[in-house]
Amino acid sequence: MMNSKDKHKADSKDNLETLRHSAAHILAQAVKELYPETKLGIGPAIADGFYYDFERKTPFTLEDLAKIEERMQRIVKAALPFLKSVLSKQDALEIFSELEEPYKLELLEDLENDEVTIYRQGNFTDLCRGPHLANTGELKSFKLLSIAGAYWRGSEKNPMLQRIYGTAFPGEVELAEYLQNLEEAKKRDHRRLGKELDLFSLEEDVGPGLVLWHPRGAMLRKVIEDFWRDEHLKRGYQLVYTPHIAGENLWKVSGHLDYFREMMYPSMRMDERNYLLKPMNCPFHIRIYKQKVRSYRDLPIRYAELGTVYRYERSGVLHGLLRVRGFTQDDAHIFCTPEQLSKEILSIIDLIQFMLEAFGYKEFQVELSVRHPDRSGDYLGDDEGWARAEAALVESLDKRNLSYTVGEGEATFYGPKIDIKLVDALGRGWQGPTIQVDFNLPGRLNITYVGDDGKKHPVMMLHRTVLGTMERFVGGLIEHYVGAFPSWLAPLQIRVVTINQGQEAYAKKVLQELQEKGLRADLDAGKETISYKIGKAEREKIPYILVAGDREVEAGTVSVRKRKDRHQKVMKVEEFIDRIQEEIKNRE
RNA sequence: GCUGGCGUGACUCAAUGGUAGAGUACCUCACUUGUAAUGAGGCUGUUGGGGGUUCGAUUCCCUCCGCCAGCUCCA
């Protein structure tokens, strides 16, 4: 049941949507007034604002944007009422054919109901479900933000229209706040922080989407990988390693050459054979499974590998660490009996949840991807198997009380899946952890186990990642912590700093003590002022600075300064070591 | 891949149809410093690559590459 507070919240969300949707109409009116030859696409409200798609021969420029915004202001000032009319589809078709709006006609023709609504303000008419503001004067605070191409109806087979993005808020304060947040978010961008903190780089000569991990980034990754490995071993996984290339036949048999070729790098030839760079790890894990006859008693078998794969991603989609061409999946394949499937899925969900929470993620978006109800012919595997697999996925999500959205038709051709999205600084979602049931490979590669009846049965197979890939996960993590990693993750945990050169010997002794305890520390014994050294360490976002001045040398202590905390505490080195080790152990 | 924008020293950015400057970083010297940037001096560029227009291009045009935003696609 909805309480009054929730109801109010829902109302204001609807109000914001109405406001933005109306803003989109005003945008379209302004564009039509300034550039009458423009054809209208669609113009909805979105999470952070609104957009409208237009077809026009000459592209909009930034100067046009300013002009359009001005014209919108004029329409707002005129306070034109939004007039709704309900009419028959036939009448609407006549109106939009008179207006020469081909895209609107296409939309109308696809509408199934016979009654449609249109809205008018001033001389502008749009096909629209509504609702809208009472009049254009109610739009107070808005701003046009950007221009981009967008395919008509989201299909790259269709012509590309020009999309104008904007945002609108009930008041100037909210708008200013939103724009400022946008600026703040840019400072959290992992590409910027990755450079500032010297974590990684991408370089033209190496190639687009191919990552160079610098020492600090590599250390961060090592810590994550160690944690990942330990946790997998605790949970009954076995680690494997497999090559980066394999003979063509492996990929032919697995179906990758039929279904995944356009994502794969061209083959290389040696000794009269063709080899391909691996885009996935599964065929290798399956070959390991097939080395022996497996009994039901051996199952489940869980092979895990931090497997580096290469995929040809289209140039326009590359994005820092979040979308690359060479990446390391924290992959595993689970071979089990149909009876074991539910339990395996559940324990993967538990592992994902445990891992993400360890990295400070409190909530995440879960999507269940199932078959398209009308297109069962497009999928491999029988209905019964799909039904059972989908039920197992749903059951596991429900058991752990996870809310999720259902993506109909989002399943892969070989099976249903659960995807978890990580959200970046600008609110964009990136698919990370995934659990996929596979109805293709077991049959295709004839992977079986011997049941208690002594007969061979097809095995159930799961693909899964719990972080996704090291690249995407670390990219997300940088933004999540804004580069200020907790001590257990920080590539460099401690910087020892001297005040003048007299303390260098003592500082070196302190450093050695820290390093002997396995702590990641370095020393700044430079000639600069203490303020300079503190500032430098703070900019590097090192969790702890230990200052060794004359007083500390005298007393055998260090002055401990925690990141972003001006109040330092003086203590014995041993005491500091105890404290930070406790912090690291608890992953605080 | 598509649409639009951008590409200047290691980084952030400036400038002009007449062969480029500032800050940071780096190096040197002086200062020996008590918790977010001591001072002075110095070094750094085939202005993304190639081609064209021009007496002359970093600036204008073409082309390729890369980056950014969005679309499409994905871990």
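In what follows, chains carry the letters A, B, and so on, assigned in the order in which the sequence lines appear, proteins first and then strands, with residues in each chain numbered from 1.
Within the structure, every side-chain polar atom (N or O) of A/R325 is placed at least 4.0 Å from both OP1 and OP2 of B/C74. Using a 4.0 Å cut-off, no side-chain N or O of A/R192 falls inside it from OP1 or OP2 of B/C11. For the pair A/R566 and B/A36, the criterion of a side-chain N or O lying under 4.0 Å from OP1 or OP2 is met. Contact check, A/H319 against B/C67: no side-chain N or O comes under 4.0 Å of OP1 or OP2. Dashed line: the shortest gap from a side-chain N or O of A/S315 to OP1 or OP2 of B/G1 is under 4.0 Å. Phosphate contact (OP1/OP2 of B/C68, side-chain N/O of A/R323, threshold under 4.0 Å): absent. The shortest distance between the side-chain N/O atoms of A/R472 and the OP1/OP2 oxygens of B/C74 is not below 4.0 Å. Using a 4.0 Å cut-off, some side-chain N or O of A/Y165 falls inside it from OP1 or OP2 of B/C71. For A/R428 and B/G70, the shortest distance from a side-chain N or O to OP1 or OP2 is below 4.0 Å.
Distances from the side chain of A/P208 to the nucleotides B/G66, B/U72, B/A36 place B/G66 closest. In this structure, of B/U35, B/U72, B/U32, it is B/U32 that holds the atom nearest to the side chain of A/Q501. The side chain of A/Q568 has B/U35 as its nearest neighbour among B/A75, B/U35, B/C65. Comparing B/A75, B/A37, B/C2 by their nearest atom to the side chain of A/Y532 picks out B/A37. For A/E313, whose side chain is taken as the heavy atoms from C-beta onward, the closest listed nucleotide among B/C71, B/A75, B/U35 is B/A75. Nearest nucleotide to the side chain of A/K564, out of B/G70, B/A36, B/U72: B/A36.
Side-chain contact annotation: A/W152 with A/E106, donor-acceptor N/O pair under 3.5 Å present. A/T308 and A/T328 share a side-chain donor-acceptor pair at under 3.5 Å. A side-chain N or O of A/Y35 and one of A/D64 form a donor-acceptor pair less than 3.5 Å apart.
For RNA chain B, if you chain together Watson-Crick or G-U pairs that step i with j, i+1 with j-1 and so on, the runs of at least three with distances under 3.5 Å are B:1-7 with B:65-71, B:10-13 with B:21-24, B:26-30 with B:38-42, B:48-52 with B:60-64.
Remark: aromatic rings of A/F142 and A/F50 are distant, center separation not under 6.0 Å.
Note: A/Y303 and A/H285 have perpendicular aromatic rings, judged against thresholds of 30 and 60 degrees for the angle between ring planes. Between A/H190 and A/F200, the two ring planes are parallel [angle under 30°; tilted spans 30° to 60°]. Using bins of under 30°, 30° to 60° and over 60° for the plane-to-plane angle, the ring pair A/F54/A/Y52 lands in the parallel bin.
Using atom C1' as the reference point in both B/C65 and B/G51, the two lie 14 Å apart (nearest Å). With C1' as the reference atom, B/C67 and B/C11 are 16 Å apart, rounded to whole Å. Comparing the P positions of B/C73 and B/C60 gives an interatomic distance of 37 Å, to the nearest angstrom. Across B/G50 and B/A36, the matching C1' atoms stand 47 Å from one another, rounded to whole Å. For B/C64 and B/U16, the C1' atoms lie 27 Å apart once the distance is rounded to whole Å. Between B/C27 and B/A10, the distance separating the two P atoms is 16 Å to the nearest Å. To the nearest whole angstrom, the two C1' atoms, one in B/U53 and one in B/A15, are 23 Å apart. On the C1' atoms, B/C2 is 32 Å away from B/A57, given to the nearest whole Å.
At a cut-off of 3.5 angstrom, counting only N and O atoms as typed in the model, there is no donor on one side facing an acceptor on the other between the side-chain of A/R153 and the base of B/C71. A/T529 contributes no side-chain N or O that forms a donor-acceptor pair with the base of B/U32 under 3.5 Å. A donor N or O paired with an acceptor N or O is found under 3.5 Å between the base of B/G34 and the side-chain atoms of A/E552. With hydrogens and angles ignored, a donor-acceptor pair closer than 3.5 Å exists between the side chain of A/R314 and the base of B/U72.
Backbone-only engagement by A/Y312 is indicated by non-hydrogen atom pairs under 4.0 Å involving sugar-phosphate atoms exclusively. Base contact: A/G316 has a heavy atom under 4.0 Å from a base atom. A/I530 comes within 4.0 angstrom of the backbone, heavy atoms only, and of no base.
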Decide yes or no on side chain to side chain donor-acceptor pair (under 3.5 Å) for A/D350 and A/S347, but give the supporting numbers first. CA-CA 5 Å; A/D350 287 343; A/S347 59; over 6 Å; no
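Among residue pairs with one or both ends in residues 521-559 of chain A, those qualifying as ring-ring contact (aromatic ring centres under 6.0 Å, His included) are A/Y544-A/F576; sequence neighbours excluded.
Between A/F327 and B/A75, a base-stacking contact is recorded: ring centres under 5.5 Å apart, planes less than 30° from parallel.
The pair A/E344-A/R302 meets the salt-bridge criterion, with a side-chain N (NZ, NE, NH1 or NH2) lying under 4.0 Å from an Asp/Glu carboxylate O.
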